[in-house]
Trainee: 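My questions will all concern the structure given below.
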Number of protein chains: 2
Amino acid sequence: MATVNSYDVGQNPEESLMPTPERTTTAAIVAAARAIVEAGGADSLTMKEVATRVGVRAPSLYKRVRDRNDLIRLVVEDTVDEIGVRLQAAADRTVDPRAAVVAMADALRALAHERPQCYQLTFGPLPPGARPERGTLERVAGPVLEMSGRLAGEDHALEAARTLTAWMNGFIQMELSGAFRLGGDVDAAYAWGLAALIEAITNGGERRRD
Amino acid sequence: MATVNSYDVGQNPEESLMPTPERTTTAAIVAAARAIVEAGGADSLTMKEVATRVGVRAPSLYKRVRDRNDLIRLVVEDTVDEIGVRLQAAADRTVDPRAAVVAMADALRALAHERPQCYQLTFGPLPPGARPERGTLERVAGPVLEMSGRLAGEDHALEAARTLTAWMNGFIQMELSGAFRLGGDVDAAYAWGLAALIEAITNGGERRRD
DNA sequence: ACCTGAACACCGTTCAAGT
DNA sequence: ACCTGAACACCGTTCAAGT
């Protein structure tokens, strides 16, 4: 099959001087990068593999991303955005704050199981050039902060949200990295822990006053 | 200065055929690797830099470590062992299980602040060849499991330990990765969360029975 | 205007040759 | 027995040259 592009087709001088149409997009590059990370971990993310998947050569990628770390940043931000979408959807499914927290935690854990490599990349150590832009995480914090505030009271919304997200994140990361090696039922530990956290957060830790 | 080794010094044939004395040790290599990781993150860990620091050339390292991932594994296991030592020391400092849990959490957080890069490497995503050997994490679990069992009751020791370690780990990782960007007092959130966790774990979540 | 081959620096790893 | 220079494959990145 002969390759067809504007130079084969162009009939007059003006047409053959037209800018080359773009052969890929940033979105396609990020999607390819995400798939590579998910398939083989962040170490397997090479510019060449990304280029092959989107149908260009490696140097062309530098038209859309600054460097490899920048591409990692885009994958991380994509993951954070997806987390935001799912948390919001979970929160919208109910009005009861306890049920909402359970739904958000379940949704986050489900996403982590769907995309374990991207999840670990997102919350693991990132080189400076790969850290998400200011505002990316803040966008996700909304529903968690709101429900935490409703459970713990506005005065303790931030502490409660941090306690909850720390546990969720920590549990998921230990689960994904295979840190739970002492047997037992991990799902049961998750349910037990989530119930314990919700109980502890409710009413701003009033019971803890001496 | 002239280089001095057994070949310069050897006076008889037997001595000059003696095996070359080892010019470095696995322990020195791991210490150098740890320092490099701590100084510049895991990405900055190159075989050449390790070799330079211990005074040999890169190929010599392969006499002691299988490959770069194996060296990362040794750094991770070193970090886990250090965590174990500190947790045990913290647990030994008191007989009250609540105070012991606080002491262990403080000790873990202090170590994470001392060696943020090694800590994040240890609990971040690791390629298969860099994962710690079976038994490494189990060695550390002891004191946490014991105190969790005393607080939550033996029937819930494992769930309680997992809830506690998930929160500790999650909090520390979020703190280290700069995820707490909404202002507020991070130390206060830590204290609030720890108190909440201890309260939630105590008595096996009895209050949660409907 | 976009894309690419060629080139460069760097890295992990192997191995024959040194001592 | 240990160490190393040389070599190889691979990778990120740049850039002049193509279309």
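Numbered from 1 within each chain, the chains take letters A, B, ... in sequence-line order.
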Trainee: What is the distance, to the nearest angstrom, from the NZ atom on B/Lys63 to the P atom on D/dT4?
Mentor: 12 Å
Trainee: How long is the gap from CG on B/Leu61 to CG on B/Asp67, to the nearest 0.5 Å?
Mentor: 11.5 Å
Trainee: Mind checking side chain to side chain contact (heavy atoms under 4.5 Å, CB included) for A/Ser44 and listing every partner two or more places apart, or none if nothing turns up?
Mentor: A/Ile36
Trainee: Can you list everything that forms a side chain to side chain contact (heavy atoms under 4.5 Å, CB included) with B/Ala27? Sequence neighbours excluded, please.
Mentor: B/Thr25
Trainee: Calculate the interatomic distance between B/Leu71 atom CG and C/dG12 atom P; express it in whole Å.
Mentor: 10 Å
Trainee: Hey, can you pull the donor-acceptor pairs under 3.5 Å for the side chains in residues 119-132 of chain A, sequence neighbours left out?
Mentor:
| residue | atom | partner | partner atom | Å |
| --- | --- | --- | --- | --- |
| A/Tyr119 | OH | A/Asn169 | OD1 | 2.9 |
| A/Thr122 | OG1 | A/Cys118 | O | 2.7 |
| A/Arg131 | NE | A/Leu126 | O | 3.1 |
| A/Arg131 | NH2 | A/Leu126 | O | 3.0 |

Trainee: Checking B/Asp81 now: which residues fulfil side chain to side chain contact (heavy atoms under 4.5 Å, CB included) with it, not counting sequence neighbours?
Mentor: B/Thr136, B/Arg139
Trainee: Using the salt bridge (Lys or Arg N to Asp or Glu O under 4.0 Å) rule, collect all pairs that involve residues 156-170 of chain B, keeping only residues at least two apart or in two chains.
Mentor: none
Trainee: Can you measure B/Asp70 atom CG to C/dT13 atom C1' for me and round it to whole angstrom units?
Mentor: 14 Å
Trainee: Any chance you could list the contact pattern along nucleotides 5-11 of chain D? Use B for base contacts, S for sugar-phosphate-only contacts and - for none, protein heavy atoms under 4.0 Å, 5' to 3'.
Mentor: BB----S
Trainee: Which nucleotide, C/dC2, C/dT4, D/dT14, lies nearest any side-chain atom of A/Tyr62?
Mentor: D/dT14
Trainee: Nearest to the B/Ser60 side chain among D/dT13, C/dC3, D/dT4, which nucleotide is it?
Mentor: D/dT4
Trainee: What nucleotide, of D/dT4, C/dT13, C/dC2, holds the atom closest to the side chain of B/Asp67?
Mentor: C/dT13
Trainee: Please enumerate all residues that pass salt bridge (charged side-chain N to carboxylate O under 4.0 Å, His left out) together with B/Arg34, with sequence neighbours excluded.
Mentor: B/Asp78
Trainee: Look up atom CD in B/Glu146 and atom CE in B/Met104, then write down how far apart they are to the nearest 0.5 Å.
Mentor: 8.5 Å
Trainee: How would you label the contact of B/Arg64 with the nucleic acid (heavy atoms, under 4.0 Å): base, sugar-phosphate, or nothing?
Mentor: sugar-phosphate
Trainee: If pairs are Watson-Crick or G-U with both distances under 3.5 Å, what is the dot-bracket string of DNA chain C, marking crossing pairs with [ ] and pairs to another strand with |?
Mentor: ||.|||||...|||||.||
Trainee: Using whole Å, report how far CZ of B/Arg66 lies from P of C/dG12.
Mentor: 16 Å
Trainee: Taking distance alone, no hydrogens or angles, what donor-acceptor pairs closer than 3.5 Å link side-chain atoms of residues 172-186 of chain A to residues at least two apart or in another chain?
Mentor:
| residue | atom | partner | partner atom | Å |
| --- | --- | --- | --- | --- |
| A/Glu175 | OE1 | A/Arg109 | NE | 3.1 |
| A/Glu175 | OE1 | A/His113 | NE2 | 3.2 |
| A/Glu175 | OE2 | A/Arg109 | NE | 3.4 |
| A/Glu175 | OE2 | A/Arg109 | NH2 | 2.6 |
| A/Glu175 | OE2 | A/His113 | NE2 | 3.3 |
| A/Ser177 | OG | A/Gln173 | O | 2.9 |
| A/Ser177 | OG | A/Met174 | O | 3.3 |
| A/Arg181 | NE | A/Gly178 | O | 2.9 |
| A/Asp185 | OD1 | A/Asp187 | N | 2.9 |
| A/Asp185 | OD1 | A/Ala188 | N | 3.1 |

